[in-house]
Each structure stands twice: as C-alpha cells, then as structure tokens.
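See below for the structure under consideration.
On a predicted model such as this, the values are computed, not experimentally measured, just so you know. In what follows, residues are counted from 1 in the order of the sequence shown.
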Amino acid sequence: MLSSSSCLTSSTPAFKLNKHQLFLHSRGFSAPLRFCHPEGSKYQISRRGIALRGIVAAGITAMESASLAIKPVQGLEILTYKPEGYNFWNWRGHKIHYVEQGEGPPIVLVHGFGASAFHWRYNVPELAKKYKVYAIDLLGFGWSEKAIIDYDAIIWRDQVVDFINEIVKEPAVLVGNSLGGFTVLASAASLPEKVNGVVLLNSAGQFGDPNAKTEESEANILEKLIKPFKEIFQRVFLGFLFWQAKQPARVESVLKSVYINSSNVDDYLVESITQPASDPKAGEVYYRLMSRFMSNQRKYTLDSLLSQLSCPLLLLWGDLDPWVGPTKAMKIKEFYPNTTVVNLQAGHCPHDEVPELVNTALLDWLSSLNLEKSPLSTPVNVS
C-alpha cells in the first residue's frame, strides 16, 4: 500500500500496484499513470459549455433495440444490455431505472450529462465481483422517466440521497463522472453519515470566486425586462442544438473529441445516444435542462461542498480531457487534503475509455478503506 504522502509516476509499460499488474498499453496507446496520495457554498457549471456539448457530454443512454454488435474491451466483462431495463424505483411519482449486481459493501455509480447506467458497462461487472454495485439513471436520462419538471442544480442530489435511503439502505461509496461527479459530491455533503467515500471522474463544478460581486437588484430588474425575449431565444437556439446534437455524425464527432483513444466509440455507442431523442418528451426535457436547471448554481460551488465532506476522496482524472483539465484535480486536492489523485492519459470519460486502468485503481483504493470493517457499515433505518 502506498503511504499517505507518496506520489508514484510511471512511464514504463507496466508497474506493480498492490499485487495488481497494471498495463499501460491500453488498446493501442502507451501512456504514463500517476498516483498521488494526500499528506494527511456553491456550485457552478458553464451553461454555454453544457449547451454546446448537447446530449452527448458523457456517452450513452438507453436504446430501443440491442441489435448492434458490441466489441468488448479484451479481457473485461461487459454489462449485458437489456432493452427493457433492469430495475425500476418510483421516486416522487417518477420512474427511475437502476442496475444492481454483486454482493458486499455497496457502491453507487452515477453517470454524466447525457449518459446512463450503461456508461458503466465495463465497470459494473468487475466491481460486482467484490461489491454490491448500483448504477442509477438520473431523472431525465437513460431508462429513467423524461419528466417535465423545472430542473435545477440539486434535483439529482435529492434523487441520489433518497436512493441511498430507500434502496441501498446502508452507507455506500459514491462514484460519479462529469455532472454525476457534482451529484455525488453534493449528496455526500448532504448525507455524511451514510457515505464511506467519494470518487470523482473529471467532475463538473467550479470553485467560487470570493472577489466576485454582483449587483443583485439591478440584475433582477434587467432579468425581468428581458425574460420574455430570453425564453423565445432559448427555445429557438436550444431547439436547433437538440436537433443537431442527435444527428449520428455529430454524436460520433463529439465523442471522438473527448475519447482520446476512440476505439470504444462504436456504432452501438452512437446509436444508444441517438435513440432516446425519439421520446416525445425528449425535446422539452432538453430545453428545461439547458435553460432552467442552472437556476441555483450560484448556491453550490466545489469549495462549499468540499468543506462539508468528511470522508476519503479519490480523483480518477483523465488529464487529456478537453473540457475539464488536470488543474481542477490539483486544486481539489489542495483544498481537501484527504484526497488521492490518479492521473490517467485519457479524456472526459476514463471509465469507458480506459476501464481496465480505472477498475484497477478504484479496486485498490476501495481495499484501503476496509469497508467490511467500517463502523458505518451497519444498516441504516429509514424513517
């Protein structure tokens, strides 16, 4: 086991890590991997950035048919696709889809914007060999209901918190990619007694600017004046983006821009993203996600959420991500010392691009938590 203050870097084809032989030749490229361990209220997302990324910011959503062939990563099991879904849970009157596999201490996986539980296709089977794994579809995505509601920045936090209370029913490790990273961090901040650890993979969210000052009264007056024109423009602009984002060629292009090694960007992946757009409610959900869920973003920044965190934190970071670079990972580590950083030569979705590396690093870190002996591992009574 690496000491708490160690930093290990390798540029060789392989190196030893807690008895795991971790090969860095991942389907066609060789790159260094670095482990850095620690020495010892507000959230923001760029609306423009998310809008331009469209519905493909992080990969996969449910599809109508499983007729397309899958080319599994060599040596890894893959989550079986079920057109009808796996399990469903009624949350606040909405149908929520989730995958559940394995036995042992629980782990909850939360996908990024535009993705689904299937985006963890290469991680669920491996983790389930030792842990009880849940992968949930956030409201509005994947197999979950395309609810016509006013989305805001904390709706998915509440969903995950209730999922832990009602379905998992015991403390868990929360793992999230992109928007899912913010979701699990916010969930852990709200439910510290039921979270044993948090893992972020190229997480969304920004640190607050203590020097930023806004004239709220003037801003509110201006907002009221331009609101009717703003909504008309948003509907036209976002409607065009939605139409563009669901085109197969555009989906493939965006995916290849964030998967540095694009061998996993296959026809099945592209089709699984474009199919959900045929849902009659998909366009309205997309508009509401883009135009409204940001409304509470100024209340939650990474520093305010991290200040409420009390468990170990692991960062599995694709350093070649064109959207979220390694600087953010280093800043998180500086702000929250109880952090382990694993730098990967991958893009925005390392769990699907280099799953063998992510699985090995994640399993090694989980073993260091001694979850089987954790005092939090007693069942939680749900009132």
Side-chain angles (χ1 to χ4, degrees), residues 26-27 56-89 95-138 141-144 160 163 167-168 172-181 183-184 199 201 251 255 259 261-276 316 346 348-363 366:
S26 178
R27 298 189 306 286
V56 294
I60 290 185
T61 47
M63 58 183 296
E64 297 294 334
S65 139
S67 60
L68 297 179
I70 305 176
K71 294 174 61 178
V73 174
Q74 187 174 5
L76 288 183
E77 295 180 39
I78 190 168
L79 179 65
T80 301
Y81 174 76
K82 294 184 179 181
E84 71 279 9
Y86 283 80
N87 308 284
F88 290 90
W89 163 56
K95 190 177 181 180
I96 301 298
H97 172 258
Y98 67 97
V99 175
E100 178 182 342
Q101 288 190 6
E103 294 295 334
I107 300 173
V108 178
L109 308 176
V110 182
H111 61 80
F113 191 92
S116 75
F118 189 75
H119 207 196
W120 304 99
R121 53 183 172 167
Y122 293 118
N123 315 110
V124 171
E126 292 298 313
L127 296 174
K129 293 176 181 178
K130 188 174 181 181
Y131 301 94
K132 188 166 188 176
V133 182
Y134 299 88
I136 187 172
D137 282 354
L138 297 176
F141 299 113
W143 286 272
S144 288
V160 171
F163 184 78
I167 301 298
V168 181
V173 172
L174 307 184
V175 183
N177 169 236
S178 193
L179 178 63
T183 300
V184 299
V199 183
L201 297 94
V251 171
L255 286 170
Y259 277 58
N261 174 16
S262 60
S263 62
N264 276 357
V265 180
D266 50 25
D267 290 342
Y268 184 89
L269 175 57
V270 173
E271 183 74 9
S272 69
I273 294 171
T274 57
Q275 283 295 325
L316 298 174
H348 190 64
C349 309
H351 57 294
D352 192 58
E353 183 180 344
V354 288
E356 59 273 56
L357 304 186
V358 168
N359 289 341
T360 300
L362 179 54
L363 286 168
L366 288 169

Counting C-beta onward and ignoring hydrogens, is there a side-chain heavy-atom pair between [X] and [Y] closer than 4.5 Å?
X    : Y    : answer
C349 : N177 : yes
V175 : V184 : no
V173 : V199 : yes
V99  : F118 : no
V133 : L109 : yes
P105 : Y131 : yes

Considering all heavy atoms, the nearest [X]-[Y] contact:
X    : Y    : result
F141 : G114 : CE2-N, 3.4 Å
G142 : S116 : CA-CB, 3.6 Å
I107 : L366 : CD1-CD1, 3.5 Å
A135 : A117 : O-CB, 3.5 Å
G104 : K132 : O-CB, 3.3 Å

Can you tell me how far the [atom1] atom of [X] sits from the [atom2] atom of [Y], to the nearest 0.5 Å?
X    : Y    : atom1 : atom2 : answer
E126 : Q101 : CD    : CD    : 11.0 Å
H111 : D352 : NE2   : CG    : 13.5 Å
F88  : W143 : CZ    : CH2   : 8.5 Å
H351 : L362 : NE2   : CG    : 11.5 Å
N87  : I136 : CG    : CD1   : 11.0 Å
W89  : H97  : CH2   : NE2   : 13.5 Å

Check: D137 main-chain N/O paired with S144 side-chain donor or acceptor under 3.5 Å:
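Confirmed, S144 side chain pairs with D137 backbone.
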Backbone of Y122 reached by a side-chain donor or acceptor of N359 within 3.5 Å:
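Answer holds: yes.
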Could you tell me if the ring centre of Y98 sits under 6.0 Å from that of W120?
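So the answer is no for these two rings.
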